[in-house]
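Okay, so here's the structure we're looking at.
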Amino acid sequence: MQFGFIKVCAATPEMRVADVEFNTKEIIKSIKKSADEGSQLTVFPELCVSGYTCGDLFNQPALICACENAVKEICRAILGIKTLVFIGAPVSFGGKLYNCAVAISDGKILGIVPKTNLPNYGEFYEKRNFSPSLPENVFIDYAGQSVCFGKNIIFKSSNCRNFTVAAEICEDLWTAQSPSVCHAQAGANIIVNLSCSDETVGKAEYRRNLVKMQSAKLVCGYIYSDAGEGESSTDMTFAGHNLIAENGVVLAESKLFENGLIYNEIDVDTISAERRRMGSDCACKCGEYNIVEFETVLLEGELTRKFFQTPFVPQEGLTERSELILTIQQKGLEKRLKHTNSKTVLIGISGGLDSALALLVACRAFNSLNKDKKDIIAVTMPGFGTTDKTKGNSLKLIEALGATAKIIPIKESVEKHFDDIGHDPENRNVTYENAQARMRTMVLMDLANDLNGIVLGTGDLSEFALGWATYAGDHISMYGVNCSVPKTLVKHLIRYEAEKLGGQVEKVLKSILDTEISPELLPPDKNGNIAQKTEDIVGPYILHDFFLYYAVRWAYEPEKLQYIANKTFKGMFDEKTISKWLKSFYKRFFMHQFKRSCIPDGVKVGSVSLSPRGDWRMPSDAVSKVWLDKLK
């Protein structure tokens, strides 16, 4: 394992209230088990050495002394284990008692972080026994070692630059001014939380959302380790609700009322890159931090974290998300129609996916504006490669949706154009193909002028990323509703709208979904079928959308992207094929920036957009060598 993936563990071992010897053995057992599983960071619950529910036993010197000796025993037991471990223990200093997270690695105590916010309401009475953290860090003698003691400590790996960790404890997360805010501002990419949160109805969902949103707000990894069964049930029960989250996504979650260990990997390199991308003011105004270094074990094991093959397609709530995306597209078009006072919309209909989606969006906008859908002028322009199936589907869809169909063959016009420029029509090169696309655009533009309308672009995000559009042809429009919708998502949006509308519309759209993706610029084969298949030329869209998402949205380095692609598509594509199309992706992405530098206006629907006016600014003559060299 490499590329900034840090394997982490949230552990809830068996425990007994005030039975320090038993708890220590279980903690050591869990540390060794997590280390055997390759964990580089393991987090235990709040006050796990003693038990959180000891009450006034915390005033007994015998318990406090036993806990300090337990920390010594844990240090001796894990000497040689380079897992960074956080355990919860009561620590006495300066005549006061603190609820602390003790950080240990390779037998050494790296630091002790006391709890800042002590709950003193409802079932919680922590101020009866504990004091809040000091305003500044100090050094204390504890368990036979001189240790940094304070809330402002960052633990930094000496051999993995972005592996930086800070701690807060239970209530610290639930307050308005969580210490983790300052920790993140000071450079901690991972926040650990040692917790003992009792279980009540609805609290698990609230806790999950809290952890998820804290990781999103701070752009960090967040590990929440919760006390489980074994704590006193005098007035409360504890469910061991452990969570591992990263930047708003829960990566792993334990079942309630099941003690044990959960694992996942946190991508600290991506967290660091995302913070740079956002460029927000991260200046820490929370006092000086002590940076404590440790050495982590560099793992060669297999990555267990899962990556979806279609990251642009929602894995949950697809129906609701599809409706939202279509509404965003629709509202963008509505605003443009009202602003330009356009009577009509002109759309080139090919019988393919993208033009079908654009037509569906136009119909939604016209319905919303109470405009006559007969003013949607859907133009099919048969050329040298048009098949009977795509032409037939175009006309059926237009009729079923209630738009106005226009059939304008372009063969003779293009042949005349070939004659004008001296091009041999038997030479089926790029000129042969692009002349058709440009002729279609000219027809649409001139019709729009005649009919007081605008030309609606149909090109999608995947095509713009790959440069799979004819410059000054289908590349140009007056508004592009699909410009930030990737090809893998287009199909789901069409399928959703097909099922929603039903009838003849659904029947035609299903036929379009079953049609090969093609620009149809070369003549059909001898059987009248599509001869020019896009994915045979530029590569599978499922791969290119995966590359686009992680290369642009998350700034993955090429070799890291290749690594996760090999893992994600294992059994579907071999490594040689993935490498081939990844190189092609980078070459095409850099080569065709000049097309993206002047794409028409179009609405953004997701986290990735290539608009030069918004998300993506890149010189048209940038060179791809650095990226391609990394793939050698």
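In this text the structure is predicted, and so the values were computed from the model without any measurement. We number each residue from 1, following the sequence as shown. These values consider heavy atoms only, across backbone and side chains, with no hydrogens, waters or symmetry-generated copies.
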- [ ] Consider only side-chain N and O atoms of S620 and S597, and report whether a donor and an acceptor are under 3.5 Å apart.
- [x] yes

- [ ] Ignoring hydrogens and angles, tell me if any N or O in the side chain of S484 forms a donor-acceptor pair with the backbone of V603 under 3.5 Å.
- [x] yes

Open item on the list: Do M572 and I542 make a side-chain contact, defined as non-hydrogen atoms from C-beta onward lying under 4.5 Å apart?
Closed with: yes

- [ ] Kindly say whether G351 contributes a backbone atom to a donor-acceptor pair with the side chain of S394 at under 3.5 angstrom?
- [x] yes

Task: From E463 atom CD to I599 atom CD1, the distance as rounded to the nearest 0.5 Å - done: 12.0 Å

TODO: Taking side chain to side chain contact (heavy atoms under 4.5 Å, CB included) as the test, write out the residues that go with N566, two or more places apart.
DONE: Q562, E575, I578

TODO: Please indicate whether K406 has more than 12 foreign heavy atoms, meaning atoms of other residues, nucleotides or ligands, lying under 6.0 Å from its NZ.
DONE: no

- [ ] Would you check, one step at a time, whether the test salt bridge (charged side-chain N to carboxylate O under 4.0 Å, His left out) holds for D267 with R305?
- [x] CA-CA 10 Å; D267 187 348; R305 182 168 170 172; 5.2 Å; no

Open item on the list: Please check: side-chain N/O of N527 versus main-chain N/O of N529, any donor-acceptor pairing under 3.5 Å?
Closed with: no

- [ ] To the nearest 0.5 angstrom, please state how far the CG atom of L397 sits from the CD1 atom of I349.
- [x] 6.5 Å

- [ ] Cation-pi check, K625 to Y586: give yes when NZ or CZ is under 6.0 Å from the six-membered ring centre and within 45° of the ring axis, no otherwise.
- [x] no

Task: Set of side chain to side chain contact (heavy atoms under 4.5 Å, CB included) partners for K389, sequence neighbours left out - done: T387, N393, S511, T515

Open item on the list: Checking side-chain polar atoms at under 3.5 Å, does S355 have a donor or acceptor matched by the opposite partner on S350?
Closed with: yes

Task: ring-ring contact (aromatic ring centres under 6.0 Å, His included): pairs with one or both residues in residues 337-378, sequence neighbours excluded - done: none

Task: Distance in Å, L522 CG paired with I530 CD1, rounded so as to fall on 0.5 Å steps - done: 11.5 Å

Task: Within 45° cone of Y563 ring axis and under 6.0 Å: K560 NZ or CZ - done: no

Open item on the list: List the residues meeting side chain to side chain donor-acceptor pair (under 3.5 Å) with R596, not counting sequence neighbours, and say none if there are none.
Closed with: Q593

Open item on the list: Closer than 3.5 angstrom, by distance alone: can the side chain of T404 be matched with the main-chain N or O of K374 as a donor-acceptor pair?
Closed with: yes

TODO: Would you please name every residue forming a ring-ring contact (aromatic ring centres under 6.0 Å, His included) with F307, sequence neighbours left out?
DONE: Y550

Open item on the list: Can you confirm whether L489 sits close enough to D460 that some side-chain heavy atom of one is under 4.5 Å from a side-chain heavy atom of the other?
Closed with: no

- [ ] With rounding to the nearest 0.5 Å, note down the distance linking SG in C220 to CD in Q214.
- [x] 7.0 Å

Open item on the list: Under 3.5 Å, is there a donor on one side chain and an acceptor on the other for D545 and S462?
Closed with: yes

Open item on the list: Quick one: does any side-chain atom of H475 pair with a main-chain N or O of K595 as donor and acceptor, under 3.5 Å?
Closed with: yes

- [ ] Inspect the surroundings of NZ in K343 and state if more than 12 heavy atoms from other residues, nucleotides or ligands are less than 6.0 Å away.
- [x] no

- [ ] Spell out, as yes or no, whether a donor-acceptor pair under 3.5 Å connects the side chain of T340 to the backbone of R336.
- [x] yes

Task: Spacing of K212 atom NZ and K217 atom NZ [to the nearest 0.5 Å] - done: 15.0 Å

- [ ] Count the heavy atoms belonging to other residues, nucleotides or ligands that lie under 6.0 Å from CD of E334, then report whether that count exceeds 12.
- [x] yes

Task: Nearest heavy atoms of L501 and V505, plus distance in Å - done: CD1-CG1, 3.7 Å

Task: Check: K604 main-chain N/O paired with S609 side-chain donor or acceptor under 3.5 Å - done: no

Task: Atom CZ of F308 with >12 non-hydrogen neighbours under 6.0 angstrom - done: no

Open item on the list: Once salt bridge (Lys or Arg N to Asp or Glu O under 4.0 Å) is applied, do any residues pair with E535, and if so which ones, sequence neighbours excluded?
Closed with: none

TODO: Please indicate whether K391 has more than 12 foreign heavy atoms, meaning atoms of other residues, nucleotides or ligands, lying under 6.0 Å from its NZ.
DONE: no

TODO: Under the ring-ring contact (aromatic ring centres under 6.0 Å, His included) rule, collect the residues that match up with F464, sequence neighbours excluded.
DONE: none

TODO: Please confirm whether the backbone N or O of G187 pairs with a side-chain atom of T164, one donor and one acceptor, at under 3.5 Å?
DONE: yes

TODO: Give, for atom NE2 of H492 and atom CG of L513, the distance between the pair rounded to the nearest 0.5 Å.
DONE: 10.0 Å

Task: Neighbour count >12 (heavy atoms, 6.0 Å) for atom CE, M618 - done: yes

TODO: Verify, without hydrogens or angle tests, whether K587 (side chain) and S624 (backbone) share a donor-acceptor contact under 3.5 angstrom.
DONE: no

Task: Pair N482-Q329, side-chain donor/acceptor within less than 3.5 Å - done: yes

TODO: Would you indicate whether the side-chain heavy atoms of R277 and R553 approach each other to under 4.5 Å?
DONE: yes

Open item on the list: Could you check whether atom NZ of K371 has more than 12 heavy atoms from other residues, nucleotides or ligands sitting under 6.0 Å from it?
Closed with: yes

TODO: Look at atom CZ of R617 and say whether more than 12 heavy atoms of other residues, nucleotides or ligands are closer to it than 6.0 Å.
DONE: yes

Task: L401 side chain near L360 side chain, heavy-atom distance below 4.5 Å - done: yes

Task: Test item: T344 side-chain N/O and D375 main-chain N/O as donor-acceptor pair under 3.5 Å - done: no

TODO: Report yes if some heavy atom in the side chain of E246 is under 4.5 Å from a heavy atom in the side chain of I271; otherwise report no.
DONE: yes

Open item on the list: For F384, give me all partners under ring-ring contact (aromatic ring centres under 6.0 Å, His included), at least two apart in sequence or on another chain.
Closed with: Y432

TODO: From the options N264, I244, L243, select the one residue that forms a side-chain contact (heavy atoms from CB on, under 4.5 Å) with V250.
DONE: L243

Task: Closest non-hydrogen atom pair between A403 and L359, with its separation - done: CB-CD1, 4.4 Å

Task: Set of side chain to side chain donor-acceptor pair (under 3.5 Å) partners for E499, sequence neighbours left out - done: none

Open item on the list: I want to check something: taking the side chain as every heavy atom from C-beta on, are M478 and L456 in contact at a cut-off of under 4.5 Å?
Closed with: no

Task: Side-chain heavy atoms of H423 within contact of N429, under 4.5 Å - done: yes

- [ ] Grab the two heavy atoms, one from D474 and one from W468, that are nearest each other, plus how far apart they are.
- [x] OD2-O, 4.4 Å

TODO: Step through it carefully: locate the ring centre of F547, locate the ring centre of W581, and say whether they are under 6.0 Å apart.
DONE: no

Open item on the list: So which atom in V219 and which in N247 form the shortest heavy-atom distance, rounded to 0.1 Å?
Closed with: CA-OD1, 3.9 Å

Task: Pairs flagged by salt bridge (charged side-chain N to carboxylate O under 4.0 Å, His left out) wherever residues 347-365 is involved - sequence neighbours left out - done: E323-R364, D354-K487, R364-E497

- [ ] Hey, could you give me each pair passing salt bridge (charged side-chain N to carboxylate O under 4.0 Å, His left out) that has a residue in residues 420-446? Not counting sequence neighbours.
- [x] K416-D420

Task: Residues in ring-ring contact (aromatic ring centres under 6.0 Å, His included) contact with Y541, at least two apart in sequence or another chain - done: none

Task: Plane angle bin for F312 and Y549 - parallel if under 30°, tilted between 30 and 60°, otherwise perpendicular - done: perpendicular

